Amino acid sequence: MGEAVVAIHFKDMHVDETVKDVVEKRCHGLSDEFPELTHLEVTLEPDGVRHTASGHATGKATEVATHAAGVEPRQAVDKVLDKLRAQLRRTHDKRIFAHRRRAHRSHPRRS
């Protein structure tokens, strides 16, 4: 299980408990999927007729941030967490596969 600190902020709005639970559950899911994370922060706020969400994840050799918007709060949060997961997957895979490529090139039988 991931040990990331999860911070969820709802600025100038009241949010239903189900949305809070879904956001918390998805954040902990990201923390479990990417154990290198130490801090995960999601902010949701109204922006006129829509809602904007921003996400920031930091950890060992990882720093990713993104934002998204949607008509409903849940839609905005889902978009930002999907984007955050995609960016984390990309940086995570780059780091893992870079080590494998280096090891593959330096293998004695490849000479």
Side-chain angles (χ1 to χ4, degrees):
M1 184 158 127
E3 297 297 324
V5 174
V6 176
I8 304 167
H9 307 283
F10 299 101
K11 291 188 175 182
D12 302 326
M13 62 185 292
H14 174 73
V15 178
D16 190 14
E17 283 298 317
T18 58
V19 173
K20 288 180 184 180
D21 291 341
V22 167
V23 173
E24 187 175 340
K25 209 175 280 187
R26 289 210 44 206
C27 287
H28 285 293
L30 284 175
S31 173
D32 291 343
E33 186 175 353
F34 302 102
E36 67 269 15
L37 290 181
T38 57
H39 187 82
L40 183 60
E41 184 172 356
V42 176
T43 303
L44 180 67
E45 61 185 316
D47 184 22
V49 295
R50 61 187 189 155
H51 293 83
T52 58
S54 60
H56 189 103
T58 56
K60 184 177 178 183
T62 303
E63 182 149 353
V64 177
T66 190
H67 63 279
V71 177
E72 297 292 323
R74 171 88 185 262
Q75 183 184 28
V77 168
D78 282 343
K79 283 183 181 180
V80 81
L81 289 174
D82 288 343
K83 284 182 170 184
L84 203 55
R85 184 189 180 282
Q87 288 181 348
L88 286 167
R89 172 60 50 209
R90 189 170 34 251
T91 58
H92 179 82
D93 288 351
K94 277 184 182 180
R95 187 172 34 258
I96 287 174
F97 291 120
H99 293 293
R100 290 181 184 173
R101 280 191 296 275
R102 246 182 276 125
H104 185 68
R105 281 192 298 251
S106 65
H107 193 277
R109 288 192 287 171
R110 293 203 41 96
S111 302

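Computed from a predicted structure; not experimentally measured.
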Just list the side-chain donor-acceptor pairs under 3.5 Å for residues 57-77, sequence neighbours left out, or say none.
unit_1	atom_1	unit_2	atom_2	d
Thr62	OG1	Lys60	O	3.1
Thr62	OG1	Arg95	NH2	3.1
Glu63	OE2	His56	NE2	3.4
Arg74	NE	Asp78	OD2	3.4
Gln75	OE1	Val71	N	2.9

**OP:** Report the C-alpha distance between Val23 and Val15 in whole Å, list the side-chain angles of each, state the deciding distance to 0.1 Å, and finish with yes or no for side chain to side chain contact (heavy atoms under 4.5 Å, CB included).
**Re:** CA-CA 11 Å; Val23 173; Val15 178; over 6 Å; no
Original post:
OG1 of Thr43 to CD1 of Ile8: how many Å apart, nearest 0.5 Å?
Top reply: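 If I round to the nearest 0.5 Å, the distance is 10.0 Å.
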**OP:** Please identify each residue that fulfils side-chain hydrogen bond (donor to acceptor under 3.5 Å, both in side chains) with His92, with sequence neighbours left out.
**Re:**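 Expected list: Glu36.
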Subject >> side-chain hydrogen bond (donor to acceptor under 3.5 Å, both in side chains) partners of Arg89, counting only residues at least two apart >> reply: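 So Arg89 forms a side-chain hydrogen bond (donor to acceptor under 3.5 Å, both in side chains) with Glu33, Asp93.
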**OP:** Using the salt bridge (charged side-chain N to carboxylate O under 4.0 Å, His left out) rule, collect all pairs that involve residues 44-59, keeping only residues at least two apart or in two chains.
**Re:**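 Checked against salt bridge (charged side-chain N to carboxylate O under 4.0 Å, His left out) - neighbours excluded - the pairs reaching residues 44-59 are Asp47-Arg50.
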Original post:
Which atoms form the tightest heavy-atom contact between Val6 and Cys27, and what is the distance?
Top reply: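 Here Val6 and Cys27 meet closest at CG1-CB, 3.6 Å.
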Subject >> Closest heavy-atom pair and its distance - Leu81, Val42 >> reply: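 Nearest pair, atom of Leu81 first, then Val42: CD2-CG2, 3.9 Å.
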**OP:** Among residues two or more places apart or on two chains, list those pairs meeting side chain to side chain donor-acceptor pair (under 3.5 Å) that have a residue in residues 9-24.
**Re:**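 Counting only pairs at least two positions apart or across chains, the side chain to side chain donor-acceptor pair (under 3.5 Å) contacts touching residues 9-24 are His9-Glu41, Asp16-Thr18.
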